[in-house]
Amino acid sequence: MVIRSALYVPGDQPGKLAKALDRGSDSLIVDLEDAVLPAHKAEARAAVAGWLRGLGPGGPEIYVRVNPGEAGHEDLRAVALPGVRGVCVAKTESAAELDAVDAVLTAAEAAEGLPGGSIAVCPLLESAGAVLSAPEIARAPRVLRLQIGEADLRAELGVETGPDERELLWARSQVVLASAAARLVPPLAPVSTDFRDLDALRASTVALRRLGFRGRACIHPAQLAVVNEVFTPTGEELAQARDLIARFEAAGTGVVTDARGRMVDEAVVRAARRLLS
C-alpha cells in the first residue's frame, strides 16, 4: 500500500500516543529511537508494547521505529505484535544487518503466534554508506519501503541546503531508483522540521512528489493536511488516467494518442493504472 503520510509519535509520551490515531495520518511511526532518551528506552519499549496490545481494528497503519543494533533487537521482540504493519530500522547501513532483523522477527512472530513474514521492514537510510548501499538494502528480506533520513546525512556530508534543497537531489534520487529497481513501493520522503511554514512545506512536498516519492514523514500533526493533499491525485488527474486507459484498451495496439494528441505507449498506461490503484 502506498501511504501519503506517516506521523512520528514519541514512544514515551502516552498522551500523544492516545491522540495519534485520530490525527488524520495514513500511518503512524511510533518512535523508540531519537525521540526517547537513553535512560527511558526500556520504559518506552514496555509502554509501546502495552499500547499496541490495546489497539482495535481499523485506523492508520502502525509502524515502530526501532533502535539500531542489539537494542533494536530488544525492541523487535517487544513490538512484534498483531496490528503492527512494520518496523522502521533506524540507521540501517547494510543488507547484512537486515538479515539479523529478519531472524529476530521470525522468532518473535513464532512466539506471538503470528504467521512468518507478517511484519515488514522499512530501512531508514541516514548515512553516505547507507545511501550508496541502497540497491542491496532494498533487496534484503522483508523490505517493503525505503525511507531517507536527512539530519544525520547532512551532518556527515557537510551539506548546507538552499531553499530548493538541490544539494540532496542525488541522494534522494538514488533512494527512488533503488526502490523502483527492487520493485518496492515508492519511498517515504524525509521530514521537514519547520512545521509552521506550511507554504514552504507544500512547495518542498510537491518537488519530492515530482522526484518519485509518494508519501512523506511528518513530525507534527499540522503538516498532515498539506502532505495528504499533495500526494492525493486530483479529480482531473484521475479522469485523465481513466481516459488514457480506455483509449489504450479500445485501440488494442501498443501506441495510442491521449486527449491532447500526444503519443503514449504501454509504460505511460502502467503509470496511469498505478495512479488509479
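In what follows, every heavy atom counts, from backbone to side chain, and hydrogens, waters and symmetry copies are set aside.
- The local environment of NZ in Lys41 is crowded, with over 12 non-hydrogen atoms from other residues, nucleotides or ligands closer than 6.0 Å.
- Under 4.0 Å is where a charged nitrogen must lie from a carboxylate oxygen, and between Asp34 and Lys91 at least one such pair does.
- The local environment of CZ in Arg166 is sparse, with at most 12 non-hydrogen atoms from other residues, nucleotides or ligands closer than 6.0 Å.
- Here the straight-line distance linking atom CG of Leu37 with atom CD of Glu43 works out to 11.0 Å at 0.5 Å rounding.
- Classification of Glu229 and Arg216 as a salt-bridged pair fails, no side-chain N sitting under 4.0 Å from a carboxylate O.
- A distance-only check finds a donor-acceptor pair linking the side chain of Asp31 to the backbone of Ala35 [under 3.5 Å].
- Listed for the Glu33 side chain is no donor-acceptor partner under 3.5 Å among the backbone atoms of Arg65.
- Proximity of a side-chain donor or acceptor of Arg209 to a complementary backbone N or O of Val230 within less than 3.5 Å is detected.
- Between the side chains of Thr106 and Arg142, at least one donor-acceptor pair of N or O atoms lies under 3.5 Å.
- For CD of Glu236, the number of neighbouring non-hydrogen atoms (other residues, nucleotides, ligands) closer than 6.0 Å is 12 at most.
- With Val48 as the partner, the side chain to side chain contact (heavy atoms under 4.5 Å, CB included) test is satisfied by one option alone out of Val9, Leu32, Asp75, Val36: Leu32.
- Of the possible polar contacts, none joining the Ser133 side chain to the Glu136 backbone as a donor-acceptor pair under 3.5 Å is found.
- At least one donor-acceptor pair closer than 3.5 Å links the side chain of Glu156 to the backbone N or O of Ala128.
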